[in-house]
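When a ligand or atom number is given, it counts from 1 through the structure's own listing order. The figures that follow rest on heavy atoms only: side chains count, while hydrogens, waters and symmetry mates do not.
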Amino acid sequence: MEAFKTIEKILGEIDAEAPQDLAQLETYRIRYLGTKNIIKPLFAEMRSVPNDQKKAYGLALNKLKTKAEDKFQILKGQLQDQADQSASSARDLSLPAGIQNKGSRHPISIVMDRMIDIFDKIGFVVAEEREIEDDWHNFTAMNTPADHPARDMQDTFYLKNSTTELLRTHTSSVQARVMMTQQPPIRIIAPGRVYRNETISARSHCQFHQIEGLYVDEHVSFADMKQTLLYFAREMYGPKTNIRLRPSYFPFTEPSAEMDVWLGTDTETTKKLTKGTGWLEVLGCGMVDPNVLTNCNIDPEKYTGFAFGIGIERSAMQKYGISDIRLLFENDVRFLRQFSTVI
Ligand code: DAH
């Protein structure tokens, strides 16, 4: 009978099949087990098989189908193992590791740490204090009493329902905290974050960073201050850096000055940062006002001192060519990642 012969023929073919890899096994699967496999039509032949042979035909057909399936399962296991092994032996363990995604320090931290290092070398120690301050340490002790017009110089964030608790507007509050607990000689720097209620733009923000400096001892002079600040500028901006001190006003220093550093107008960024003048305003400074010393229980007849407050953001922007201050606070990883090689 023709149908029996076809079964025999396909059984022989299955025996002869020897796929060498998973791709060849797939060809096998399609031929014998796929939706249009060659065994399927033999089931339809059942109708033309004489009744007395139907049982034998059915058994032979099932045997064929089972054989095709069993062989597939066995080959699948073997060929899969073989593929796994060759994949692992293809891994070359002597190759250098792939590029690792290193973290990065924030440009503000990089610049602050650099400044702290510079002052550390000449004996200034770091003093850290609270960001939520009271009126007295932030203003009154710093010779800015309640009705003083200079309070308007800085727009202050007061805490809800409080007229005395505020977010410090400058790190100068640390001066008062330190002098209240320590007698001279005092030589500190106070790095930290400060807050002002200012409209956010490319040039100003409602939060930023400062480093405060304070040196109080016997016979501290304006010349000491100038020399210290020149040393700082040359360490920070290069050995040939020029500075200028412009007379200024701060309630807590007398006389007061602002220090500019010459950056020039060669690049778009320096032009922007210096408003076209070439001079970057870096810090405010001056001789500590005797009233401040008195407020903090230090004898102004015996001691003198100088103080300064450095704005960090502008230095960071100048150093890295950042022309919009807002980038420093958005924490966009595409921006931050650029500093991973700086560390
Ligand atoms: N506190 C001032 C500000 O935030 C900066 C400053 C100026 C600090 C002069 C000082 C100083 O210590 O002597 O604008």
- Message: Using a 3.5 Å cut-off on N or O atoms only, is Gly213 in polar contact with ligand 1?
- Response: no
Check each atom of ligand 1 against the heavy atoms of [X] and keep those under 4.0 Å away; list them by number with element.
| X | answer |
| --- | --- |
| Thr253 | 13 (O) |
| Glu212 | 8 (C), 10 (C), 12 (O) |
| Ser172 | 1 (N), 8 (C) |
| Phe250 | 7 (C), 9 (C) |
| Gln210 | 3 (C), 4 (O) |
| Gly286 | 13 (O) |
| Gln175 | 12 (O) |

Can you check whether [X] and [Y] have ring centres sitting under 6.0 Å from each other?
| X | Y | result |
| --- | --- | --- |
| Phe208 | His170 | no |
| Phe43 | Tyr57 | no |
| Phe72 | Tyr32 | no |
| His106 | Phe339 | no |
| Tyr215 | Phe306 | yes |

- Go through Lys121 and Tyr231 one step at a time and tell me if the side chain to side chain contact (heavy atoms under 4.5 Å, CB included) criterion holds. CA-CA 11 Å; Lys121 280 193 204 150; Tyr231 154 80; 3.5 Å; yes
- Select the closest option to atom 14 (O) of ligand 1 among His170, Arg168, Arg196, judged by heavy-atom distance. Arg196
- Query: Considering all heavy atoms of both residues, which atom of Leu214 and which atom of Val216 are nearest to each other, and what is their separation?
  - Reply: CD1-CG2, 3.7 Å
- Task: Record the part of Phe306 in heavy-atom contact with ligand 1 below 4.0 Å; permitted values are side chain, backbone, both and neither.
- Result: neither
